[in-house]
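Letters go in sequence order (proteins before strands), and every chain restarts at 1.
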Number of protein chains: 2
Amino acid sequence: MTKQPIDQDLMARALTLAKQAQEIGEVPVGALIYHRPSAKIIAEAYNLCEATHDTSAHAEMLAIKKAQAHLGEKSLKDCDLWVTLEPCAMCAGAIAHARIGRLYYGAEDPKGGAVDNGPHLFHQPTIHHKPEIYGGLSARPSAELLKAFFASKRG
Amino acid sequence: MTKQPIDQDLMARALTLAKQAQEIGEVPVGALIYHRPSAKIIAEAYNLCEATHDTSAHAEMLAIKKAQAHLGEKSLKDCDLWVTLEPCAMCAGAIAHARIGRLYYGAEDPKGGAVDNGPHLFHQPTIHHKPEIYGGLSARPSAELLKAFFASKRG
């Protein structure tokens, strides 16, 4: 029997992915998709905007795409997305389109977040799906990783 | 010398792309990226969500990605995006990230649009780039294509 990983393990894994992004000069955000029926992580990703020149290559976008390819279907209603930073408008829109069941995120992003900041996208009547949302998990290490990254870029 | 295509040609081309989507059972939305310095279309795309199981495979997303790959850079500030339907929140977010210079769109989308409907994303202070926006161009043929498509799905 596959053991259900505890929540802390999943955010710790997302943080490890964020650190992998940092090591190659990408904005350190990591994400994974947990598939509840199989109790397995079915997709992992981190930001790849710099390497690919693709500004849509956010961790969440890549993880969602991988999970849909893995399952061979569009709906991720039985899946949870774990990500180290509050999603932006693009990623929040993608989360709605994919019908993600639950969103767990790390640090809030007052400057670019679109879930509990800015447009509060899931409260907009024209967004047709709203996941269960759990924010501020392991917020401090997620935020510190980003802060150190941007400080090093400025330095 | 490359002749500068007139605006009507560009939306007509986007409509042709939308019809190609329709022919393979995809939601008929077409998009292209016009690069002003070279006066050339550098990317064309249409919706591919069904074929790929990828709910982020909207015409705009695919066109932006192709244009960035073509230019080998992230910023599309010298480019215009032409799309037959008002972009959703995901695509509007992607347009901001890619710093698209001008957005030209066809039919308004009161149910899912995020530019002149719903969250009016480019009016949100946390969206860090706003293109010039020209909406409602060739709106009728764009809308009729979509209407016929969804009617055939229900029928």
Side-chain angles (χ1 to χ4, degrees), chain A residues 26-27 43 47-58 60-77 86-100 108-129, chain B residues 26-27 43 47-58 60-77 86-100 108-129:
Chain A
E26 298 280 350
V27 176
N47 266 17
L48 277 177
C49 296
E50 301 303 322
T52 58
H53 307 298
D54 174 359
T55 48
S56 76
H58 284 193
E60 302 94 309
M61 301 295 287
L62 300 176
I64 289 171
K65 215 181 288 267
K66 281 184 189 176
Q68 290 171 326
H70 175 85
L71 295 175
E73 60 181 68
K74 294 190 296 178
S75 172
L76 299 181
K77 67 181 170 48
E86 180 186 353
C88 70
M90 173 183 72
C91 292
I95 286 165
H97 287 315
R99 307 198 156 271
I100 292 276
E108 275 202 41
D109 183 3
K111 286 186 186 167
V115 177
D116 292 312
N117 286 284
H120 292 79
L121 219 66
F122 296 115
H123 292 283
Q124 298 280 347
T126 54
I127 299 297
H128 306 302
H129 171 80
Chain B
E26 299 280 350
V27 176
N47 265 17
L48 277 176
C49 295
E50 300 304 321
T52 58
H53 308 299
D54 175 358
T55 48
S56 77
H58 284 194
E60 303 94 308
M61 301 295 287
L62 300 175
I64 289 171
K65 217 182 286 269
K66 281 183 189 177
Q68 290 172 325
H70 175 85
L71 295 175
E73 60 182 67
K74 293 190 297 179
S75 172
L76 300 181
K77 66 181 170 46
E86 181 187 352
C88 71
M90 174 182 72
C91 292
I95 287 164
H97 288 315
R99 306 196 158 274
I100 292 277
E108 275 204 40
D109 184 3
K111 285 186 185 166
V115 176
D116 291 313
N117 286 284
H120 293 77
L121 220 64
F122 296 115
H123 292 283
Q124 297 280 346
T126 54
I127 300 297
H128 306 303
H129 171 80

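Panel note: side chain His53(B), backbone Leu71(A); no donor-acceptor pair is recorded below 3.5 Å.
Here the OG-CD distance, from Ser56(A) to Gln68(B), works out to 7.0 Å after rounding to the nearest 0.5 Å. A distance of 6.5 Å separates SG in Cys49(A) from NZ in Lys74(B), rounded to the nearest 0.5 Å. With rounding to the nearest 0.5 Å, the separation of CE in Met61(A) from OG1 in Thr55(B) is 8.0 Å. Note that the NE2 atom of His128(B) and the NZ atom of Lys111(A) stand 8.0 Å from one another [nearest 0.5 Å].
Leu121(A) is listed as a side-chain neighbour of Leu121(B), based on a closest heavy-atom distance under 4.5 Å. Side-chain contact between His97(A) and Cys88(B) is present, with heavy atoms from C-beta onward closer than 4.5 Å.
The heavy-atom pair separating Pro119(A) from Thr126(B) by the smallest distance is CD-OG1, 3.7 Å.
Contacts between Ala94(B) and chain A at a heavy-atom distance below 4.5 Å involve backbone atoms as well as side-chain atoms. In this structure, the portion of Ile127(B) lying under 4.5 Å from any heavy atom of chain A is its side chain and not its backbone. Within the 4.5 angstrom heavy-atom criterion, only side-chain atoms of His58(A), from C-beta onward, approach chain B. In this structure, chain A has a heavy atom under 4.5 Å from the side chain of Gln124(B), while its backbone stays farther away. When heavy atoms are compared at a cutoff of 4.5 Å, His123(A) does not approach chain B at all.
When the candidates Gly72(A), Ala69(A), Ala67(A) are compared by the number of heavy-atom contacts under 4.5 Å with chain B, Gly72(A) comes out ahead.
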